[in-house]
Student: 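Please see the structure below; I have some questions.
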Amino acid sequence: MKRILPIGVSDFEKVITGKYAYADKTLFIKELIEGKVETTLIPRPRRFGKTLNLSMLKYFFEKTDISKHHLFDGLAISNYPEIMANQGKYPVIFMTLKDVKHSSWKQCYQHLVTLIAELYKYHRSALRITDPDDQVRFDAVASEKASETWCHDALRFLSRCLSQTYQQKVVLLIDEYDTFIHEAYLNGYYDDAIGFARNFFSAGLKDNNYLQQSVITGILRVAKESIFSGLNSLEVCTFLGIHYTDKFGFLESEVLSLLSEYDRADQIDAVRTWYNGYESGKHHIYNPWSIITFLRQEGAFAPYWVNTGKSDLIKKLVIGDQKQLREDLDMLMTGKYIVKKVDEDIVFSRLDRDPNVIWSFLLFTGYLTFHNTTIAPSNAPGKDGSTKPPTPTEMSDSIHQTVELYIPNTEIFSLFESVVGEWLRDTIDIKSQEQMLKHLVAGEIEPFKNFFSDFVRESLSVFDVSGKEPELFYHAFVLGMLISLRNTHEIKSNRESGYGRYDVMIIPRDNSKPGIIIEFKKVVPEYKETLKTAAKAALEQIADRDYATELRTRGIKQIIELAIVFAGKRVLVQQAKNS
């Protein structure tokens, strides 16, 4: 019998007792306990299992009247009795901020006050508070009548009350700590939010002798000096590191198991293309939300994860005014990687003006992935080549890394295509664009040439296409226009066919229609090239490397070979004589 797919279910007890499909991540508990780190911050993209994992920690650690030991029977952690001895041992403070999303600081602050009050009410019946002043303070917070200062100190005060009641230190779990900070940046109250976060988290975590261990999850590590100032015991574990890298997201084995259970194992190759591609330490990770939704939708491929989030900020960042940013985007859109220094600390105020912060943001939010990491830690080798082993804090602070960034899969590529497509719709007359593409797929190249030349002249005037690799810009520009053909044509880019890799191939789903190969080339004045000679060279490349092999293999008889060559904003579209 197939298990229920847990769409939107993030309560561990409900998942286990309700017979939902579950990828066993309980060894997260073992790694956490054996790590013996006081405070651990684990940033991961949204919907990668953070809330469910913290819910699991809550049910494991929390001391309750009714034992929750049975929830872990048969799971991986049950094989470690020395770890299971910690089950039900500690008072737990569990707080999720994932729904604190508001357009004003007033609304945001009120929501935070309400969540704090609910936290206090949850523990009220178990607490034994003997000091009258403490009781007054507790009641004020629980009734949402506390001063801002008492709200700032709410975590530390509650941990003291719990520790004194249970005569045991407290486990603190904070889920999606940075959600309201993201919203604050987008809605213009960032300074207010950062001010609250700094006071709230610092009071709850710094020099809090009532804490046994703390785990915080979020999407980003918001600049340490702003929020976690002075918290020397903090260890940050991103997917660039070595800890917990297999505990968030689905591993290959977990995906294969789910696909087999739901009779979709034959689709594994397409699933890899659509949803795999994330690097996490030494592991390859799938997007769990997309996998579960794909199965729920009976094997239909779509950008499920992308469609659950706001893309306004992504669009704002990648279609900006910075020339280098656009060139890098062009490289990504054409299947290449870019080499960048990334910083695990994200300063939102620098997003609008610092490309390195933008790439770091896109990496840690799940819109890019990486490989070939080079780390320059604080304990770099001396002149004699010697090093000393890094401490956990030093490893946490080794945040400047050089990586190769690339688009992980088809789902994320569809977002970047959409971004470019929206830019085109904003800058190009949609009816003219539709008419131009109609001419192209019908094989009517002369009118297509005229339309395309007009678009380049009118629309690309807002861009500088004289960068180091302008082919990539034109390549991305054309891919953006071709999005609207997805229903009738398959669009491929930078794939092997014949004896090389073509730039763009437009493959009709109806074999009676023409297939189209496009090669881009820039004019090199140093070689005394002209638009015409460069076009001739591009068409010769298509023929010499037999790029048409794939189209012929698919049974497409009419094949059109096009060269698009350019010198700055001057462009020439040339068709091969035999096509």
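Scope of the values below: all heavy atoms of this structure, side chains included, with no hydrogens, waters or symmetry mates.
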Student: Hey, can you pull the donor-acceptor pairs under 3.5 Å for the side chains in residues 210-218, sequence neighbours left out?
Tutor:
unit_1, atom_1, unit_2, atom_2, d
Gln213, NE2, Leu32, O, 3.1
Gln213, NE2, Val37, O, 3.2
Thr217, OG1, Asp175, OD1, 2.9
Thr217, OG1, Glu176, N, 3.2

Student: Is it true that the NZ or CZ of Arg46 lies under 6.0 Å from the centre of Trp305's six-membered ring and within 45 degrees of the ring axis?
Tutor: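 Yes, Arg46 sits over the ring of Trp305.
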Student: Give the minimum heavy-atom separation between Leu259 and Leu295, together with the two atoms involved.
Tutor: CD2-CD2, 3.8 Å
Student: Taking only residues two or more places apart in sequence or in another chain, which ones pass side-chain contact (heavy atoms from CB on, under 4.5 Å) with Asp134?
Tutor: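 Counting only residues at least two positions away or on another chain, Asp134 forms a side-chain contact (heavy atoms from CB on, under 4.5 Å) with Ile129, Asp131, Phe157, Arg160.
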Student: Looking only at heavy atoms, what is the nearest atom pair of Ala154 and Ile116, with distance?
Tutor: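 The pair with the smallest heavy-atom distance is CB-CG2, 3.5 Å.
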Student: Drop me the distance from Asp207's CG to Asn209's CG, to the nearest 0.5 angstrom.
Tutor: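 It is 7.0 Å, given to the nearest 0.5 Å.
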Student: Could you give all pairs that pass the salt bridge (Lys or Arg N to Asp or Glu O under 4.0 Å) test and reach residues 73-101, with sequence neighbours left out?
Tutor: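 Residue pairs with at least one partner in residues 73-101: there are none.
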Student: Would you say Ile346 and Ser360 make side-chain contact, with heavy atoms under 4.5 Å?
Tutor: yes
Student: Do NZ/NE/NH1/NH2 and the carboxylate oxygens of Glu62 and Lys68 come within less than 4.0 Å?
Tutor: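 No salt bridge links Glu62 with Lys68.
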Student: Is it true that Tyr59 and Asp11 share a donor-acceptor pair across their side chains at a distance under 3.5 Å?
Tutor: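 There is such a pair between these side chains.
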Student: Roughly how far, to the nearest 0.5 Å, is CD of Gln110 from CG of Leu115?
Tutor: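 Between atom CG of Leu115 and atom CD of Gln110 there are 10.0 Å.
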Student: Regarding Asp263 and Lys2, does a basic nitrogen lie under 4.0 Å from an acidic carboxylate oxygen?
Tutor: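 Answer for the salt bridge query: yes.
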Student: Between Ala76 and Thr26, which heavy-atom pair has the shortest distance, and what is it?
Tutor: N-OG1, 3.5 Å
Student: Where do Phe200 and Cys151 come nearest, in terms of heavy atoms and distance?
Tutor: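 Heavy-atom minimum between the residues: CD1-O, 3.5 Å.
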Student: I'd like to know if Arg264 pairs up with Glu298 as an ion pair, taking the criterion as any Lys NZ or Arg NE/NH1/NH2 lying under 4.0 Å from an Asp or Glu carboxylate oxygen.
Tutor: no
Student: Rounded to the nearest 0.5 Å, how far does CZ of Arg221 lie from CG of Asp178?
Tutor: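 If I round to the nearest 0.5 Å, the distance is 13.0 Å.
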Student: Which atoms form the tightest heavy-atom contact between Gly204 and Leu172, and what is the distance?
Tutor: O-CD2, 4.3 Å
Student: Can you tell me if Gln167 uses its side chain to pair, donor with acceptor, with the backbone of Gln164 under 3.5 Å?
Tutor: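 Yes.
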Student: Using a distance-only test with no angle check, is there a side-chain donor-acceptor pair under 3.5 angstrom linking Ser104 and Asn187?
Tutor: no
Student: Using the ring centroid of each side chain, check whether Phe201 and Tyr177 are separated by less than 6.0 Å.
Tutor: yes
Student: Take Phe370 and Tyr337, measure what ring pair (Phe, Tyr, Trp, His ring centres under 6.0 Å) needs, and give me the verdict at the end.
Tutor: CA-CA 9 Å; Phe370 71 97; Tyr337 65 82; over 10 Å; no
Student: Would you say His69 and Gln87 are linked by a side-chain donor-acceptor pair, where the criterion is simply a distance under 3.5 Å?
Tutor: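 Absent: no donor and acceptor within the cut-off.
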Student: Please name the pair of heavy atoms, one in Lys341 and one in Thr402, separated by the smallest distance, quoted to 0.1 Å.
Tutor: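 Taking Lys341 first and Thr402 second, the nearest heavy atoms are CG-OG1, 3.5 Å.
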Student: Check whether the ring centres of Tyr90 and Tyr166 lie less than 6.0 Å apart, and answer yes or no.
Tutor: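 No, the ring centres sit 6.0 Å or more apart.
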Student: Does Lys206 form a salt bridge (Lys or Arg N to Asp or Glu O under 4.0 Å) with Glu38? I'd like the steps, not just the answer.
Tutor: CA-CA 10 Å; Lys206 183 181 177 182; Glu38 290 183 20; over 6 Å; no
Student: Can you confirm whether the side chains of Glu183 and Thr179 place a donor and an acceptor under 3.5 Å from each other?
Tutor: no
Student: Given ring pair (Phe, Tyr, Trp, His ring centres under 6.0 Å), test His102 with Phe180 step by step and report yes or no.
Tutor: CA-CA 8 Å; His102 298 285; Phe180 73 98; over 10 Å; no
Student: Between Trp105 and Tyr189, what is the ring plane arrangement, given parallel below 30°, perpendicular above 60°, and tilted in between?
Tutor: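 Answer is tilted, since the angle falls between 30° and 60°.
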Student: Between Phe72 and Phe60, is the ring pair (Phe, Tyr, Trp, His ring centres under 6.0 Å) condition met? List the steps.
Tutor: CA-CA 8 Å; Phe72 300 90; Phe60 181 85; 5.4 Å; yes
Student: Under 3.5 Å, is there a donor-acceptor pair linking the side chains of Tyr244 and Glu31?
Tutor: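 No, no side-chain donor-acceptor pair sits under 3.5 Å.
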Student: Report the C-alpha distance between Tyr22 and Phe12 in whole Å, list the side-chain angles of each, state the deciding distance to 0.1 Å, and finish with yes or no for ring pair (Phe, Tyr, Trp, His ring centres under 6.0 Å).
Tutor: CA-CA 9 Å; Tyr22 175 63; Phe12 180 74; 5.7 Å; yes
Student: How about His284 and Tyr278: are their ring centroids closer than 6.0 Å?
Tutor: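 No, ring centres 6.0 Å or more apart.
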Student: Would you give the length of the straight line joining atom CG of Leu158 to atom CE of Met95, rounded to the nearest 0.5 angstrom?
Tutor: 10.0 Å
Student: Do Thr238 side-chain atoms and Pro43 backbone N/O form a donor-acceptor pair below 3.5 Å?
Tutor: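 Not confirmed, Thr238 side chain does not pair with Pro43 backbone.
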Student: May I have the step-by-step check of side chain to side chain donor-acceptor pair (under 3.5 Å) for Ser163 and Gln168, ending in yes or no?
Tutor: CA-CA 5 Å; Ser163 181; Gln168 180 67 270; over 6 Å; no
Student: Classify the ring geometry between Phe239 and Phe364 as parallel (under 30°), tilted (30 to 60°) or perpendicular (over 60°).
Tutor: parallel
Student: Where does the angle between the aromatic ring planes of His182 and Phe361 fall among parallel (under 30°), tilted (30 to 60°) and perpendicular (over 60°)?
Tutor: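 The rings of His182 and Phe361 sit tilted, inter-plane angle from 30° to 60°.
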Student: Side chains of Ser290 and Glu411: closer than 4.5 Å at any heavy-atom pair?
Tutor: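 They are in contact (side-chain heavy atoms under 4.5 Å apart), so the answer is yes.
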Student: With a 4.5 Å cut-off on side-chain heavy atoms, are Trp274 and Ile291 touching?
Tutor: no
Student: Let me know which of Phe250, Trp289, Phe301 forms a ring-ring contact (aromatic ring centres under 6.0 Å, His included) with Phe294.
Tutor: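 One option only clears the test, and that one is Phe301.
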Student: Would you say that Ile338 contacts Leu332 through its side chain, given a criterion of any heavy-atom pair below 4.5 Å between the two side chains?
Tutor: yes
